[in-house]
Amino acid sequence: MARPQSLSLPAFLGVDVGGTFTDFAWLEDGRLRIHKVPSTTHDQSQAVLAGIREMGLEREFRLVHGTTVATNAVLERRGARTALITTRGCRDVLEIGRQTRQVLYTLTPSRPEPLVPRELRFEVDERLDWQGEAILPLSQEQVRPLSEELRKRQVEALAVCFLFSFLNAAHEQQALAALKGGQWFACASHQVLPEYREYERTSATVLNAYISPVLSKYLRQLEKRLGGTRCEGARAMQSNGGAMSLAEARQSAIHTLFSGPAGGVVGAMAVAKAAGQSRIPTFDMGGTSTDVCLCDGVPSSTSQASIAGLPLGVPTLAIDSVGAGGGSIARLDVAGALRVGPESAGADPGPACYGRGDRLTVTDAHLVLGHLLPEAFLGGRMPLDVERARRLMAQLASQWGLGTEELAHGILQVADAQMARALRRVSAERGYDPREFTLVAFGGCGPLHTCALAEALGITRVLVPRYPGILSALGLALSDVAREYAQTVLWREPSAWPRAETAFAALEARAAADLGAEGVLRESWEFSRMVGMRYQGQSYEILIAAEAGSTAEWVERFHLAHQRTYGHHNPRGAVEVVNLRLRASAPTGAAWAPHEHSDVGAKATSDRLVPIWSGGWKHVPVYEREMLRPGASLSGPTLVVQEDSTVLIPQGWQAEVDAFLNLRLVRVEERAW
Amino acid sequence: MIPIPRPISLEIFRHLFASVAEEMGGVLERTAYSPNIKERRDYSAAIYDPAGLLVAQAAHIPVHLGAMPAMVQALMQRVALEPGDMVVCNDPSVGGTHLPDISLVMPVFVPRRGQTVLAGVVANRAHHADVGGASPGSMPAAREIFQEGLVIPPLKIMRRGELDEQIVAFICANVRTPEERRGDLAAQIAANQTGARRWTELTGHYGLEGLTQAIREAHEYARRATQALLNSLPQGSWEWTDYLDDDGVERGRVPVHVRVTIRDGTLACDFTGSAPQRSGGVNATEAVTRSACYFVLGCLLEEDAPLNAGCFEPVRVIAPSGTVVNATHPAAIAGGNVETSQRIVDALLGALPQALPDRIPAAGYGTMSNVAIGGWDAIRGQPFAYYETIGGGAGGSAAGSGASGIHVHMTNTRNTPIEALECHYPLRVRKYGLREGSGGEGRHPGGDGIEREIEILCSAQVSLFGDRRITRPYGLRGGGKGAAGTNLLVRRGKERRLPGKCTLQPQPGDILRILTPGGGGWGRERKQR
């Protein structure tokens, strides 16, 4: 599979599996083609193959896959039967977690069941101290018999996590060696997450063991199906925004948990960069929730992501989710406030205008206000019942003493307020002011809300990609191959820091071996070295670029970064190095080129007016997105309709079509893009 | 602009207000120095209106909920606040919870018609790992507040935007880990400055009148929500008494008595009949007692309901002065915040099953099992002070079994990871697990407590402050009691039982073994056929 790249670049196909649709983005010589097929939940690879067939892909191509197989295995608790081996005294670390409850004001706190039940958690004698020295050797007498025990209990996956193994992996390696040869998948914590904090590291290792066999089985099936196509290599997307080989994915499924949303962020960055913007919040609003991620040149990342209450520990793009989407249900609470979500009408019964349910949603509000054209929804495949939505909206409004449109407008305002809060929080956490950023709106509902949200945040520039509904698939097609490596070192004394050179060299050797196996050209490899630093006594570190310069310069950069992120720094404070991180990446050659249209500058024309409500009814022009050519400009209020979304451009906003057919929106008083 | 109807503006402003408090909390957590604040999240951040009424609080520690408004209001009366000022305070007689909880309060002034006017107040409170006193961690079994650490009356730590280094120096000179305190105070200052900046922006955007109107509506809304809840509950009056083991200095159970009355949209919690204030540090300030009542109310309200001053309006708390639920100066109070607060909740919940049989759980573990260890770290050549609380079992309820090894009610602080603890302190954790069989029996059993074994590698001083070592968490509807907690010292293989509240000087190699209580069981166990 890992063939060296030939001179003529292959085509690239991004395939993103969603709950309802599987999306395809095909890049051939810089040209983009898209496609959608219904998802096949029992075997996602069926839809993948169906899409490839329908698109008639005759040229050799490389595929990057965003799959929810591992994610669903966690959410639905259908992972492998997993056992855990851990240091004596630590069997319950996985269950106690951080001893906190998720809901503060509750009399009956609960927490997710651990993925490994108590009877499959085994303790053995061994111990390292805080400097990685063994103070008690691993008891082989206790480890060896576990082999039989695991067999007897039909264990399918094994996680090994010992205290301080991030400093010294010897005991974990010995345990893995002693338990080799079973029919189980096995991984140890120094492989999955060699960083300190035993609960998070155990959780990551257990998660990886729990889902890797499931993903592995699926990928075998996928490869079998791809065998009959012109696919000459497939990769899996990771939550960190880079792709990895399927062979690697089988070992480290934990990295695929947020692959779809990560694809969206990569796609949004690609679109923004092409438009000359690199500081963006992404705003991906779908049916049930909204994902946001702040990017300043590169997407922000975090090691604090969790799934269903279980921490991942591994680095992922820092994507925050709010329970507000097109299907979010509106209700008046007991004391008279309008609430929207988190309860969602989903796809079935769906919003009231789908004709089945009675509960009003964000989508119904848009329909009532004229933002959605009932006959054009999903390209006309799903006509919406505007009368029904209007009748129910009027009923509810009169119960609450509001006008029909007033209520519908209020539902949108409340949804916007929730999303603005999320965006403010992620900005503040990283020390940014959102006003300096360009909002990139996608997902089915993002382009409807983006201008209102921008106004709430004081943002004056918005970008709506040509295909907001498949941006994630485009991001997959464009993604680099990327791997991340980390090593916790806890170096307090600057005298120890020069050891970083040797340690980075070791990480780079591992990275070189991995990228070599990925089959990407050596000339294109990029290694970026970072160190996590903090003031002594702090417990969270800031990542500082460590490629160039002396260790004294790291300290300078750290003080600056601390000042920028937190608004203060202590030039006399003692600084320590917590961990080393290496990101190894290589572009695949996938590229997306601007459109060459002969009719550049052509005027946008509209042959119809529709009424929309904004404090009163007003007729506004409607444009077909596919008719818009580079250079065309539009003034709000207006609507732009397309198969997978609708762009609402309110009064006070001006839009221009760029060379990639994206819509660039600006507040009129802010003409400079 | 289109005028916004009230149901909509209520919700929009709810998110705006919460957003400011959340940003403050985010800054504090990320910039603090001590693991206690960063890892364990033992802090709160909040905004208040110009009258000192709570507008929004970032939800972290319930015990701060009712206590911070009391301090903000007291400060506004006692201190002449000017633009750029910030006040530091931990004084229990001005709304303090206990001495390690240091608050920073900052008025927000905005220009208006050529003058500057008060537009609101931002404040945050964080638990500092040491504030001096008789033992490291400032949780000694004391007889007077003076043994518990440095009392900081309201002092301007910033005047017109300038930090008063003398005050910082004075505080730092009286604590065991001055550099950590300095860093944590800087983080608290940064958090308030963030909050003030955002509040000023909001005032600019909506106007002072607009914002004042929105706050008033938010308060009225919260009051309506609370009254609607209270009207939906059975009306009547119920009482209950629960007990603390002792006060840590003198023997003898300490009763906490409450009569809960729900009538006509009001809730009254009358603690008349509770013990007179004690020599040992189990005395709670009135602010703590108030917080416990608000916590119970907060749990009964709809999830995600805004908790602000309006919720507190229909609530009357009667806590007679000079009792363990409203101690007067100079009573020792370190444990009132952590131990008595839990017992006050137990008493309130004990009274309520008669009204709400399906919503009230059996008693949770009912203590925070505080551990403070400090001294000179001979391995790293520096002083150290470590403090944490240990969770236990939650009570069973109609909804199901109680969770094991978790924090309930008045606290929700995270544990210190073993690997973080051993990297920072001369300590080694030998066991951290669930204490099997400690949950009370029942159809829905109580959750199990925690067993934590810490080996002490240097000579050090240890303070333990835990309750429910004698009395046990009650069961409900025929469910069994949770097991009592136990503190043990293991020296050369021999175990010695320690009192629940004590200070000791272990030798290097000694092992501290703490077994926390299980939760009470709910419902009679069905007989096996």
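Below, read A as the first sequence line, B as the second, and so on, with proteins coming before strands; counting in each chain starts at 1. Keep in mind that what you see is a predicted model, and the values were worked out from it rather than measured. These numbers come from the heavy atoms of this one structure, side chains and all, not from hydrogens, waters or symmetry mates.
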**Study point:** Under 4.5 Å from any heavy atom of chain A - which part of B:E422
**Key:** both
Review point. When heavy-atom pairs shorter than 4.5 Å are enumerated against chain A, which of B:L307, B:L421, B:I189, B:V296 gives the highest number?
Key: B:L307
Review point. Do other residues, nucleotides or ligands put more than 12 heavy atoms under 6.0 Å from the CD atom of A:E113?
Key: no
Practice item. Walk me through it: do B:E201 and A:R435 pass the test salt bridge (charged side-chain N to carboxylate O under 4.0 Å, His left out)? Key: CA-CA 13 Å; B:E201 282 170 17; A:R435 283 175 294 202; 3.7 Å; yes
Review point. If you tally heavy-atom pairs under 4.5 Å against chain B, which of A:D333, A:V340, A:L407 wins?
Key: A:D333
Point to revise | Sidechain-backbone polar pair: A:R98 side chain, B:N415 backbone, donor-acceptor under 3.5 Å | key: yes
**Study point:** Part of B:H424 within contact of chain A (heavy atom distance under 4.5 Å)
**Key:** side chain
**Study point:** Interface moiety of B:I61 toward chain A, non-hydrogen atoms closer than 4.5 Å
**Key:** backbone
**Study point:** Nearest atoms (heavy-atom pairs only) where B:E419 meets A:F164
**Key:** OE2-N, 2.7 Å
**Study point:** Least distance between heavy atoms, B:G405 atom then A:I96 atom
**Key:** O-CG2, 3.5 Å
Exercise for review: Would you mind telling me which of A:Y535, A:W400, A:Y199 has the largest number of heavy-atom pairs within less than 4.5 Å of chain B?
Suggested key: A:Y535
Review point. Given the options A:R424, A:R421, A:R101, A:E95, which has more heavy-atom pairs under 4.5 Å with chain B than any of the others?
Key: A:R101
Study note, to complete from the structure: Under 4.5 Å to a heavy atom of chain A? For B:L427 that would be neither
Study note, to complete from the structure: With chain B, the option among A:E200, A:Q418, A:R91 that has the most non-hydrogen atom pairs under 4.5 Å is A:Q418
Exercise for review: Considering only heavy atoms and a distance below 4.5 Å, find which of B:T177, B:L10, B:I406 pairs most often with chain A.
Suggested key: B:I406
Review point. Do you know which of B:C423, B:A225, B:G447, B:G395 has the most heavy-atom pairs under 4.5 Å to chain A?
Key: B:C423
Check your understanding: Do you know the tightest heavy-atom contact between B:C299 and A:T106?
Key -> SG-N, 3.4 Å
Check your understanding: A:T108, A:V93, A:T100: which one forms the most heavy-atom pairs within less than 4.5 Å of chain B?
Key -> A:T100
Study note, to complete from the structure: A:E123 meets the salt bridge (Lys or Arg N to Asp or Glu O under 4.0 Å) criterion, sequence neighbours left out, with A:R88
Point to revise | Contact winner vs chain A - B:T194, B:V429, B:L300, heavy-atom pairs under 4.5 Å | key: B:V429
Practice item. Go through B:I12, B:I418, B:T226 and name the one with the most non-hydrogen pairs under 4.5 angstrom from chain A. Key: B:I418
Review point. Is B:E455 paired with A:R127 through a side-chain N to carboxylate O contact shorter than 4.0 Å?
Key: no
**Study point:** Shortest non-hydrogen separation from B:T389 to A:Q99 and the atoms involved
**Key:** O-NE2, 3.0 Å
Point to revise | Heavy-atom check, side chain of B:R224 versus side chain of A:V334, under 4.5 Å | key: no
Review point. Which heavy atom of A:L332 sits nearest a heavy atom of B:P7, and at what distance?
Key: CD1-CB, 3.8 Å
Check your understanding: Hey, are the side chains of A:I411 and B:I8 touching, using non-hydrogen atoms and a 4.5 Å cut-off?
Key -> no
Review point. Does CZ in B:R6 sit with more than 12 non-hydrogen atoms of other residues, nucleotides or ligands closer than 6.0 Å?
Key: no
Check your understanding: A:A417 and B:H15: which non-hydrogen atoms are nearest, and at how many Å?
Key -> O-CB, 3.9 Å
Review point. So A:R331 and B:E11, salt bridge (charged side-chain N to carboxylate O under 4.0 Å, His left out) or not? Walk me through it.
Key: CA-CA 12 Å; A:R331 68 191 169 91; B:E11 188 67 358; over 6 Å; no
Point to revise | Largest heavy-atom contact set with chain B, pairs under 4.5 Å, which of A:L163, A:L107, A:L402 | key: A:L107
